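Below is one structure, written out as structure tokens; the observations come after it.
Keep in mind it's a predicted model, so treat the numbers as computed, not measured.
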Amino acid sequence: MQLATTRHVRTLLIISVVVRLAVWALASISAYLLPLFDASPSIWISGKSPSSVLLRWDAFHFVHIAREGYVYEYEWAFFNGVPLLMRISAHLQALAGFSSNEWGMLLRGGAGMAILCDSTHVLYYLSLHHLRSPSLAFLSTALSIFSSSPAALRLASYSEPFFTYLSYRGMLACVRSKWTAASICFALASMFRSNGMLLSGFILWGMLVTPFLTGQKNLFTSRRLLKCVLLTALPLIPFIHHNIIAYIRFCTPSATRIPDWCTSSIIPSIYSHVQSKYWNVGFLRYWTISNIPNFIFALPALLHVFAFCWFYLSNLPVIVPHITPHIWSKNNDVLPPQLDSPFLSPSLLPHVLHALALTLILTFNAHVQISLRVLPSLPLTYWAAARLMLDLPKWGKTWVTWSILWGALSCVLWVVFLPPA
């Protein structure tokens with residue numbers, strides 16, 4: 001098995017490199033042949049520079065924050081993880097003697113850091129733990145390489161590559177009961193995306209819920225409870241820190257003008273304020289006729305996750321006896337019924353609940369099109385795809401075909417500055 005695992009990881013990394021080069025080639029050719037819908041990138045960086053391909057959409061905000069800090073109120077919708085890495089990498093480039101347009105250095109640095117955070121091998125080992133099969137782990141991970149958002153995950157200086165890598169690392173640490181390492185990884189992931197706070201649930205599940213369900217009452221010590229509280233709280237700190245810094249800047253008596261958001265709620269939050277004011281984020285706010293195209297774009301990704309969650313949760317009566325064997329053994333003289341699919345593994349339950357919660361938020365309380373780059377950061381997306389390939393091959397091939405075709409098209413649209421982004 002060890003030999004097969006090593007071979008699988010090596011093959012997956014080769015495929016990942018080839019696909020990353022193909023994405024870069026497609027983006028470069030598109031940028032060369034097609035006109036920009038918005039010519040603003042050419043203002044800041046020469047169109048002849050390879051780095052110019054990277055300056056699109058959110059990359060503008062990340063680079064500006066990296067150069068100037070948070071100047072405009074709307075920029076507080078973006079966390080400081082990517083700008084911080086951009087500044088570090090630009091400094092390292094300067095020390096190495098590379099000098100060019102500062103925007104180019106920051107973009108190159110962010111993209112280079114993203115390459116170092118390739119999550120392929122981490123997903124393989126995470127899949128191997130849950131699915132208990134090297135071949136299924138290989139299939140799931142191979143499918144992840146052909147994601148529906150290659151521009152965000154494999155090209156741009158975006159938050160998604162870092163968030164994905166760190167969240168996978170934390171999830172892998174959880175299954176190995178390395179709770180402190182998991183909490184640190186989730187906290188770092190939360191520096192890139194606000195939904196990183198949801199990752200705390202994996203620590204809570206592993207340290208408290210699982211021992212409770214399996215009847216391991218001896219683990220419920222005051223020390224363990226305190227440790228669980230602290231480690232669960234750690235991933236919340238980046239979000240809290242982000243809002244506290246803004247509160248100190250805008251809401252204290254030293255501020256020249258105190259904005260309304262400082263006093264309009266019991267717990268002031270610039271992040272919530274900016275998302276609502278500038279991006280119109282809120283419950284059902286995006287459910288308008290004009291946004292029907294965005295729902296159509298996102299529908300395959302949303303239905304894909306919802307379908308797997310339904311498949312898993314509808315089989316809970318069969319799964320629960322394996323989660324709570326001590327209760328089953330008290331009431332039954334026979335062993336729990338066999339699970340007829342590796343995708344019904346009891347260890348997948350926290351992933352299903354996490355994916356369901358995130359997908360519901362994306363559907364009802366966010367810009368739905370970001371599902372196309374947020375859901376590909378979930379390992380469950382690829383476990384669901386592997387399940388389709390095995391159990392429903394016709395639908396599996398349909399999903400893979402859509403993922404590849406949409407991934408290529410979205411890359412071209414992203415490069416020419418057209419939505420959805």
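Within the 4.5 Å cutoff, the side chain of Phe62 has no heavy atoms near those of the Ser157 side chain. Side-chain contact between Phe306 and Thr359 is present, with heavy atoms from C-beta onward closer than 4.5 Å. At least one side-chain heavy atom of Arg56 sits less than 4.5 Å from a side-chain heavy atom of Val415. Residues Met191 and Leu166 form no side-chain contact, since every pair of their non-hydrogen atoms from C-beta on lies 4.5 Å or further apart. Side-chain contact between Arg20 and Ile145 is absent, with no heavy-atom pair separated by less than 4.5 Å. With a 4.5 Å cut-off on side-chain heavy atoms, Ser127 and Tyr382 do not count as touching. Side-chain contact between Asn280 and Tyr286 is absent, with no heavy atoms from C-beta onward closer than 4.5 Å. Between Leu172 and Lys178 there is no side-chain heavy-atom pair separated by less than 4.5 Å.
With Tyr271 as reference, Phe79 is the one residue of Tyr278, Tyr70, Phe79 to meet the ring-ring contact (aromatic ring centres under 6.0 Å, His included) rule.
Between the CZ atom of Phe308 and the CG atom of Leu313 there is a distance of 9.5 Å, given to the nearest 0.5 Å. The distance from atom CG of Leu85 to atom CG of Asn80, rounded to the nearest 0.5 Å, is 9.0 Å. Note that the CZ atom of Phe343 and the CH2 atom of Trp383 stand 10.5 Å from one another [nearest 0.5 Å]. Atom OG of residue Ser377 and atom CG of residue Leu375 lie 7.0 Å apart, to the nearest 0.5 angstrom. Rounded to the nearest 0.5 angstrom, Arg154 CZ and Leu21 CG are separated by 11.0 Å. Rounded to the nearest 0.5 angstrom, Cys309 SG and Tyr312 OH are separated by 10.5 Å.
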Report the C-alpha separation of His61 and Tyr72 in whole Å, then their side-chain angles, then the decisive distance to 0.1 Å, and conclude whether the ring pair (Phe, Tyr, Trp, His ring centres under 6.0 Å) test is met.
CA-CA 10 Å; His61 305 298; Tyr72 305 108; 9.5 Å; no

Show your working on side-chain contact (heavy atoms from CB on, under 4.5 Å) between Trp287 and Phe364 and close with a plain yes or no.
CA-CA 8 Å; Trp287 283 56; Phe364 296 103; 3.4 Å; yes

side-chain contact (heavy atoms from CB on, under 4.5 Å) for Arg176 and Tyr125? Distances and angles first, verdict last.
CA-CA 11 Å; Arg176 294 173 175 174; Tyr125 288 113; 4.3 Å; yes

Dump the intermediate steps for salt bridge (charged side-chain N to carboxylate O under 4.0 Å, His left out) on Asp260 and Lys277, then the final yes or no.
CA-CA 12 Å; Asp260 294 339; Lys277 179 179 179 180; over 6 Å; no

List the steps and the verdict of side-chain contact (heavy atoms from CB on, under 4.5 Å) for Ser183 and Thr232.
CA-CA 7 Å; Ser183 182; Thr232 302; over 6 Å; no

Would you please test Leu353 and Leu349 for side-chain contact (heavy atoms from CB on, under 4.5 Å) and show each step?
CA-CA 6 Å; Leu353 297 176; Leu349 182 54; 4.1 Å; yes

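Between Ala156 and Leu54 the shortest heavy-atom distance is CA-CD2, 4.4 Å. What you find for Pro420 and Asn294 is that their closest heavy atoms are CB-OD1, 4.2 Å. When all heavy atoms of Leu344 and Asn315 are compared, the closest pair comes out as CD2-CB, 3.8 Å. For the residue pair Pro321 and Leu316, the shortest heavy atom distance occurs at CD-O, 4.4 Å. Closest heavy-atom contact between Ala182 and Gly170: CB-O, 3.4 Å. Looking at every heavy atom in both residues, Leu413 comes nearest to Pro419 through CD1-O, 3.8 Å.
Between the side chains of Tyr124 and His8, at least one donor-acceptor pair of N or O atoms lies under 3.5 Å. Residues Ser147 and Arg373 have side chains that never bring a donor and an acceptor to within less than 3.5 angstrom of each other. Residues Trp399 and His304 bring a donor and an acceptor atom of their side chains to less than 3.5 Å of each other. Counting only N and O atoms by type, the side chains of Arg285 and Ser276 include a donor and acceptor under 3.5 Å apart.
For the pair Glu75 (side chain) and Val71 (backbone), a donor-acceptor distance under 3.5 Å is present. Panel note: side chain Ser16, backbone Leu12; no donor-acceptor pair is recorded below 3.5 Å. Looking at Tyr158, its side chain does come within 3.5 Å of a backbone N or O of Asp58 through a donor-acceptor pair. In this structure, the side chain of Thr221 engages the main chain of Arg224 through a donor-acceptor pair within 3.5 Å. One N or O on the side chain of Arg132 and one on the backbone of His129 form a donor-acceptor pair closer than 3.5 Å. In this structure, the side chain of Thr141 does not engage the main chain of Phe138 through any donor-acceptor pair within 3.5 Å. In terms of modelled atom types and a separation under 3.5 Å, the side chain of Ser410 and the main chain of Gly407 share a donor-acceptor contact. Put simply, the side chain of His367 gets close to the backbone of Trp279: a donor and an acceptor are under 3.5 Å apart.
Applying the 6.0 Å contact sphere to CH2 of Trp395 captures no more than 12 heavy atoms from other residues, nucleotides or ligands. When the shell of 6.0 Å around CG of Leu33 is examined, it contains more than 12 heavy atoms from other residues, nucleotides or ligands.
Taking the six-membered ring wherever Trp is involved, the centroid distance between the rings of Phe78 and Trp57 does not fall below 6.0 Å.
Listed by first and then second residue, the ring pair (Phe, Tyr, Trp, His ring centres under 6.0 Å) pairs involving residues 174-209 are Phe162-Phe192, Phe202-His351, Phe202-His354 (not counting sequence neighbours).
A cation-pi arrangement is found for Arg387 relative to Phe311, the charged atom lying closer than 6.0 Å to the ring centre and inside a 45° cone about the ring normal.
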